[in-house]
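Worksheet: one structure, shown below.
Chain A is the first sequence line, chain B the second, and so forth, proteins listed ahead of strands; every chain is numbered from 1.
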Protein chains: 2
Amino acid sequence: MSGPEIAVDRSSPVPLYFQVAEQFAAAIQRGDLAPGDRLDSELRLADQLGLSRPTVRHAIQHLVDKGLIVRRRGVGTHVVRGEVRRSVELTSLHDDLLRAGQRPSTSVLELATVPCPPEVAAALGVPADSEVQHLRRLRFADGEPLAVMENWLPIDRVRLTIDALQGNGLYGILRAGGIRIRGAQQRIGARAATGAEAQMLGERRGAPMLTMTRTAYDDQGHYVEHGAHIYRATRYSLEVTVAER
Amino acid sequence: MSGPEIAVDRSSPVPLYFQVAEQFAAAIQRGDLAPGDRLDSELRLADQLGLSRPTVRHAIQHLVDKGLIVRRRGVGTHVVRGEVRRSVELTSLHDDLLRAGQRPSTSVLELATVPCPPEVAAALGVPADSEVQHLRRLRFADGEPLAVMENWLPIDRVRLTIDALQGNGLYGILRAGGIRIRGAQQRIGARAATGAEAQMLGERRGAPMLTMTRTAYDDQGHYVEHGAHIYRATRYSLEVTVAER
DNA sequence: TAGTGGTCTAGACCACAAT
DNA sequence: TTGTGGTCTAGACCACTAC
């Protein structure tokens, strides 16, 4: 039981636990560690890598949270059986498409400063009728229409421009503006397409659509974005991985 | 800055970090800690509670993972702004309904041992055509039809009975059988109802339905259940909370 | 009985933000 | 400069599993 080759670089600014976690994750993804395979124990790994047990433990816990491995007291740590799929986590549709090898493009339907509608104000935690940026986009994947996305953002954070929005995802623009998204609450449902939506997306009126509303918060716990999106159900679905702590 | 009253019981079998996390979560839910409020620093909390810093840190990290608070180096720890909603995590529809104060009931449409269909075999990591239990249920909430749920389980784990299934959720039965679900991969989408589905659920044919397929694994990293469910979109949606680590 | 992961302690140094 | 969270160490005891 030697396991994959793992090496840490103590001069790197990347935390040691993260280096270890990444290398194990890569080994699992590569198939170097097969489903059901056992990892060395924490103590053994700590010894092998020249790290303390808490640091090794931190790395392993990271992989448990990602749903890649399972641990049992008295037994050991094993790679989860079955093929590994990746969950979407906190990325934007734009980034998801890029990762999947599809070419995202965007047509900005609307970009304006408006008084905040009451439901959105409640979600964002801003006063009703305070000014927010309102944004409506049509997103394509490889030239095929995929989603209509409507978003609201408090104005005092980042100034959006049509130019930027055409070539980038919203989260990318926020990131470039120094806003770090740290978490979000999402509600996922389904409904029938309205006539207007159907026309934009090349579906029939009444076609089933996947809907997602999301409110995302940043570093400071301030909500920075509320979105209401609809996706063509025939072309898109969401993946979620859940792991207990 | 004194914060809510937190007390730990060192004689309890409940881990100290968990006791602390639970009490903070309750204080936030109660509104005792309001959105934006600052928590005491780790060192101060450790001092107040008579715990070590790593233990306090563990408790706080637990709350970050749940999306209740946000931390910034050099700044502090704050309750997330905006109302707190709970995410579904690893519960079953049965439990979700109970928690929401609705009365779940179940009609078992099918329960049989069958050769495993190839897609399901791939998901569960069992040989194709090996024997599995196949299960189809119609779930009601307060007497209204809500979902059609189809599941496959390897036979060697738990024996299902119609009696048990009528009064309990599948996960409850598994739990009672000593199977601990530790994680799952879920795919959420939407599609139109077939004629048969529409009839069972009291919808029109072609009505938009929310779909979820889930593969859940246990303690040992073995996949123990694969499900394909459809929900009436007018009556059900899924909530997901995502937080970065 | 031996080995595993789960919990807990008491320190340390650092990067970062606010002042 | 001060205080914060982020990382890391080197131990310890325990509950649980497998043998």
Side-chain angles (χ1 to χ4, degrees), chain A residues 1 3 8-22 24 37-65 69-79 178-180 182 218-222 243-245, chain B residues 1 3 8-22 24 37-65 69-80 178 180 182 218-222 243-245:
Chain A
M1 191 192 317
V8 296
D9 173 8
R10 298 194 93 102
S11 71
S12 161
V14 177
L16 300 176
Y17 82 88
F18 195 77
Q19 293 184 35
V20 174
E22 289 281 277
F24 270 112
D37 274 5
R38 174 174 179 168
L39 273 65
D40 285 330
S41 74
E42 292 180 352
L43 288 170
R44 214 185 301 263
L45 282 170
D47 191 41
Q48 287 166 16
L49 301 172
L51 298 171
S52 70
R53 185 181 166 207
T55 299
V56 169
R57 187 170 171 74
H58 193 170
I60 293 180
Q61 187 57 44
H62 199 78
L63 298 173
V64 172
D65 291 342
I69 58 177
V70 176
R71 322 195 71 187
R72 275 182 302 162
R73 171 154 52 180
V75 178
T77 302
H78 296 265
V79 178
I179 296 182
R180 208 165 145 211
R182 288 295 272 275
D218 69 355
D219 277 310
Q220 309 175 42
H222 283 118
E244 255 190 14
R245 270 159 236 303
Chain B
M1 193 196 314
V8 296
D9 172 7
R10 298 194 91 104
S11 71
S12 160
V14 178
L16 299 176
Y17 82 88
F18 195 78
Q19 293 185 35
V20 174
E22 289 281 276
F24 270 113
D37 274 5
R38 174 174 180 170
L39 273 65
D40 285 330
S41 74
E42 292 180 353
L43 288 169
R44 212 185 301 264
L45 283 170
D47 191 41
Q48 288 166 18
L49 302 172
L51 298 171
S52 70
R53 186 184 164 204
T55 300
V56 169
R57 188 171 171 74
H58 193 170
I60 292 179
Q61 188 56 44
H62 198 77
L63 299 173
V64 172
D65 291 343
I69 59 177
V70 175
R71 322 195 72 187
R72 273 182 303 162
R73 173 152 52 181
V75 177
T77 302
H78 293 85
V79 178
V80 161
R180 216 178 133 196
R182 288 295 273 273
D218 69 356
D219 276 308
Q220 309 175 43
H222 283 119
E244 256 190 14
R245 270 158 239 300

Starting at the 5' end of DNA chain D and moving along, which residue's nearest nucleotide shows up first, A:Val75 or B:Gly76? B:Gly76
Sorted by position of nearest nucleotide on DNA chain C, 5' first, the leading residue of A:Pro54 and A:Thr77 is A:Thr77
Name the orientation class of the two ring planes belonging to A:Phe18 and A:His62 (parallel below 30°, tilted from 30 to 60°, perpendicular beyond 60°).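 Perpendicular.
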Tightest non-hydrogen contact, residues B:Ala59 and B:Ala21, listed as O-CB, 3.7 Å
If I compare all heavy atoms of B:Gln19 with all of B:Val8, which pair ends up nearest, and what's the gap?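 Distance-wise, the nearest heavy atoms are OE1-CA, 3.4 Å.
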Option from A:Ile69, A:Ile60, A:Val79, A:Leu63 for which side chain to side chain contact (heavy atoms under 4.5 Å, CB included) with A:Phe24 holds: A:Leu63
Test side chain to side chain contact (heavy atoms under 4.5 Å, CB included) applied to A:Leu45 and A:Thr77, A:Asp40, A:Thr55, A:Leu51, the passing residue: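 Per the side chain to side chain contact (heavy atoms under 4.5 Å, CB included) rule, the option paired with A:Leu45 is A:Asp40, out of A:Thr77, A:Asp40, A:Thr55, A:Leu51.
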To the nearest Å, how far apart are [X] [atom1] and [N] [atom2]?
X	N	atom1	atom2	value
A:Asp47	C:dT4	CG	P	12 Å
B:Arg73	C:dC16	CZ	P	5 Å
A:Arg53	C:dT4	CZ	P	10 Å

Over all strands shown, is A:Leu16 touching base, sugar-phosphate only, or nothing at heavy-atom distances under 4.0 angstrom? sugar-phosphate
Under 4.0 angstrom, heavy atoms only, what part of the nucleic acid is A:Pro15 near: base, sugar-phosphate, or nothing?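 Answer is sugar-phosphate: A:Pro15 comes under 4.0 Å of backbone atoms only.
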Under the side-chain hydrogen bond (donor to acceptor under 3.5 Å, both in side chains) rule, collect the residues that match up with A:Ser12, sequence neighbours excluded. none
Going 5' to 3' along DNA chain D, which are the first and last nucleotides with any atom under 4.0 Å from a heavy atom of chain A? D:dT7 to D:dT17
